Chemist: 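Below is a structure I'd like to ask you about.
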Protein chains: 2
Amino acid sequence: MGTTAKALSLLDHFSRARPAIGLSELARLAGHSKATCYRLMGELIDHGLAEQVPGGTDYRIGPAVLRLASLREAAVPMRDAALPVVQRLAVAVGETAHVSHLVAGRLVTLAFAYGAPSGMQVLMEDADVLPFHATSSGQAVLAFLPHARVDAILAGPLGAATPATLRDPDVVRARIAATRARGWASTEDTFESDVSSLAVPLFDAAGQVLGAMAVAAPSTRMKQAARGPILRRLVAAAAEVMGAWGGQAPAELIALWRGIERDQG
Amino acid sequence: MGTTAKALSLLDHFSRARPAIGLSELARLAGHSKATCYRLMGELIDHGLAEQVPGGTDYRIGPAVLRLASLREAAVPMRDAALPVVQRLAVAVGETAHVSHLVAGRLVTLAFAYGAPSGMQVLMEDADVLPFHATSSGQAVLAFLPHARVDAILAGPLGAATPATLRDPDVVRARIAATRARGWASTEDTFESDVSSLAVPLFDAAGQVLGAMAVAAPSTRMKQAARGPILRRLVAAAAEVMGAWGGQAPAELIALWRGIERDQG
DNA sequence: ACCGTTGGTTCATTATACGAACCGAACAGC
DNA sequence: GCTGTTCGGTTCGTATAATGAACCAACGGT
């Protein structure tokens, strides 16, 4: 592993639940020596990607990421383009909607919106990492990813805390095949109890999977009758986002989606 | 220089004006060999901090920075806290207002707002890097920075395109001393012709300079009579932002600002 | 067909990163 | 006050990983 990769992977240990980490703990988490972490964090700090909390010694993510994110969105406004669409989708179906983005082998929440200002809704947070095996978004992505990348992801550390039944490669592959055949993914009570969701994949201009768009609802409201309208609106919203991103779904998927739109037209 | 520092400094060559760069050009800009840049960019790409533009070979900033920025703002909501304040300030004075942040030795625009939806206003962009010597924000920061850091900054590459008169260390130090003595900085036609601005520094809880808040206006409107009201509102807004950030101005500066508030009460 | 440029790759040389051991400080239990 | 543990940070000889000149093949203009 390269030195730069080590340094950058240190940043992966920070999250909403763990916004600041001390040197010894970080060394333990990363599996490096304290000296190594100290030097690497020093380099990250020099460039503002990390900083020490004022008045303390813990480390946290630095302010330079704001500048980079601003430049990224100025160059490639994916979030800007997706957010209004998920907002309209959420309101239209009355449930939580979100778009996730496949980045460096992880599925990250890019934008989300709630369908109602009050009442019961599935809660989310930006920048969350979604497990592939237990979310409809993850399945939608896996279903349209090249086999090699699917294998790489399934071989990764995703399933350490996953029930064996879901980790079984045959089971996973069967779910993936079914998802690819019908053009959309669904889960019931797998990621979280009493939560059901529907998802469709999103593609770039070359037909590569970029992420997914999904609607998540309490299982009590996601009845069979409710799925048709939600799915149709979800497909339309996905097409809109892909249009804004300059993406293009594979021809076979477009045909499947046309069929969905016709159902109960 | 460490390997990680080299890799991260590659990201510094991307900007709004230059959102994508090819391998050879990047190697030329960074002063490394193509092989080195290729490897370093590869490591950045593995972590999503960079990516190759789909369908091409140029490199650009990657999507992982969005996740990091989201985590940063969740942990330390500096921009969230500053934005509404600058928006109110801009409307109150009818001119462009902005907050800049000192990160890794550079002064970066963190948030800004225009004072009117139409008519003549000083334009800005997020994530811009401000030159220390030619902006009121830069002078406000330099005036309250430890001498050692001032020297480090003035020795940096900031002044390559700067008129000699402004680069003269004695001149710079005189301006800094004057700014410190009165508690606020101002410029007229230095950064851009016909633009005048007023700025005050911002501090963290330990009394370290974090950045600056400023109001920029066309010189024709920034007359002597207009400065009093603008300065008073600027000081009040700066205090509000520092409160939200958990910061604290040095006692001597607070005294100076009290005097400003009393003038033409 | 030529020339200059591009993105990408190879490999022997060398500079860089590494971690065990160490330090002083802070803190808890006794 | 003493002891043991943990903390953030530092040192230094060793070993690993980074380096860039030279080299491809491919593309575009003349």
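This structure is a prediction, so every number in the text was calculated from the model and none was measured. Proteins come first, then strands; the chains are lettered A, B, ... in the order of their sequence lines, and each starts at number 1.
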Chemist: Contact class for A:Glu25 vs. all strands (heavy atom < 4.0 Å): base, sugar-phosphate, or nothing?
Modeler: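 Counting heavy atoms under 4.0 Å across all strands, no contact is made by A:Glu25.
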
Chemist: Give the rounded distance in Å between these two atoms: CD of B:Glu43 and P of C:dG8.
Modeler: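 Value for this atom pair: 16 Å.
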
Chemist: Looking at B:Arg18 and B:Glu25, is there a salt bridge between them, counting it only when a charged N and a carboxylate O are closer than 4.0 Å?
Modeler: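 Between B:Arg18 and B:Glu25 there is a salt bridge, with a charged N closer than 4.0 Å to a carboxylate O.
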
Chemist: When all nucleic acid strands are considered with a 4.0 Å heavy-atom cut-off, which category describes B:Lys34: base, sugar-phosphate, or nothing?
Modeler: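 The residue B:Lys34 makes base contact.
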
Chemist: In terms of the nearest nucleotide of DNA chain D, which residue is placed more toward the 5' end: A:Asp58 or B:His32?
Modeler: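 Going by which nucleotide is closer to the 5' end, it is A:Asp58.
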
Chemist: How long is the line joining OH of B:Tyr38 and P of D:dA18, in whole Å?
Modeler: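 Rounding to the nearest Å, OH of B:Tyr38 and P of D:dA18 are 15 Å apart.
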
Chemist: Does C:dA17 have OP1 or OP2 sitting under 4.0 Å from an N or O in the side chain of B:Thr3?
Modeler: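 Yes.
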
Chemist: Would you call A:Arg16 and A:Glu125 a salt bridge, using N to O less than 4.0 angstrom?
Modeler: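 Looking at A:Glu125 together with A:Arg16, the answer is yes, because their closest N to O distance falls below 4.0 Å.
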
Chemist: Look at atom CZ of B:Arg60 and say whether more than 12 heavy atoms of other residues, nucleotides or ligands are closer to it than 6.0 Å.
Modeler: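 Check passes, neighbour count above 12.
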
Chemist: Which one, C:dA20, C:dT6, D:dG8, comes nearest to the side chain of A:Thr57?
Modeler: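 Per side-chain heavy atoms of A:Thr57, the pick is D:dG8.
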
Chemist: Find the bend of the helix from C:dA1-D:dT30 to C:dC30-D:dG1 as the angle between its two terminal axes (five pairs each), to the nearest 10°.
Modeler: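 Inter-axis angle at the termini of the helix from C:dA1-D:dT30 to C:dC30-D:dG1: 50°.
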
Chemist: Are the charged groups of B:Arg106 and B:Asp128 less than 4.0 angstrom apart, N to O?
Modeler: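 The answer is no: the pair does not qualify as a salt bridge.
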
Chemist: The side chain of B:Ser24 lies closest to which of these nucleotides: D:dA18, D:dG8, C:dG7?
Modeler: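 Within the option list, the nearest is C:dG7.
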
Chemist: Rounded to whole angstroms, how far apart are CD1 on A:Ile21 and P on D:dC7?
Modeler: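 After rounding, the gap between these two atoms is 13 Å.
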
Chemist: Determine, for A:Arg72 against B:Glu51, whether the closest basic-nitrogen to carboxylate-oxygen distance falls under 4.0 angstrom.
Modeler: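 Counted as a salt bridge, because a side-chain N and a carboxylate O are separated by less than 4.0 Å.
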
Chemist: What's the CD-C1' distance between A:Gln52 and D:dC7, to the nearest Å?
Modeler: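 Atom CD in A:Gln52 sits about 13 Å away from atom C1' in D:dC7.
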
Chemist: Salt bridge or not for B:Asp151 and B:Arg173, using N-O below 4.0 Å?
Modeler: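 Looking at B:Arg173 together with B:Asp151, the answer is yes, because their closest N to O distance falls below 4.0 Å.
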
Chemist: From CG of B:Leu23 over to P of C:dT9, roughly how many Å is that when rounded to an integer?
Modeler: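 Roughly 10 Å, once rounded to whole Å.
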
Chemist: For the pair A:His13 (side chain) and A:Ser9 (backbone), establish whether a donor and an acceptor sit closer than 3.5 Å, ignoring hydrogens and angles.
Modeler: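 Such a contact is found between A:His13 side chain and A:Ser9 backbone.
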
Chemist: Please state how far atom CZ in A:Arg39 lies from atom C1' in C:dA17, giving the value in whole angstrom units.
Modeler: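 From A:Arg39 CZ to C:dA17 C1': 5 Å.
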
Chemist: Let me know the distance between NZ of A:Lys6 and P of C:dT16, rounded to the nearest Å.
Modeler: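 Distance, rounded to whole Å: 16 Å.
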
Chemist: Of the candidate nucleotides C:dG19, C:dC18, D:dG8, which contains the atom at the shortest distance from the side chain of A:Leu40?
Modeler: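 Nearest to the side-chain atoms of A:Leu40, counting from C-beta on, is C:dC18.
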
Chemist: Compare side-chain N and O positions of B:Arg28 against OP1 and OP2 of C:dT6 and report whether any pair is under 4.0 Å apart.
Modeler: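 Checking B:Arg28 against C:dT6: at least one side-chain N or O falls below 4.0 Å of OP1 or OP2.
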
Chemist: What's the CE-C1' distance between A:Met41 and D:dC7, to the nearest Å?
Modeler: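 That distance rounds to 16 Å.
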
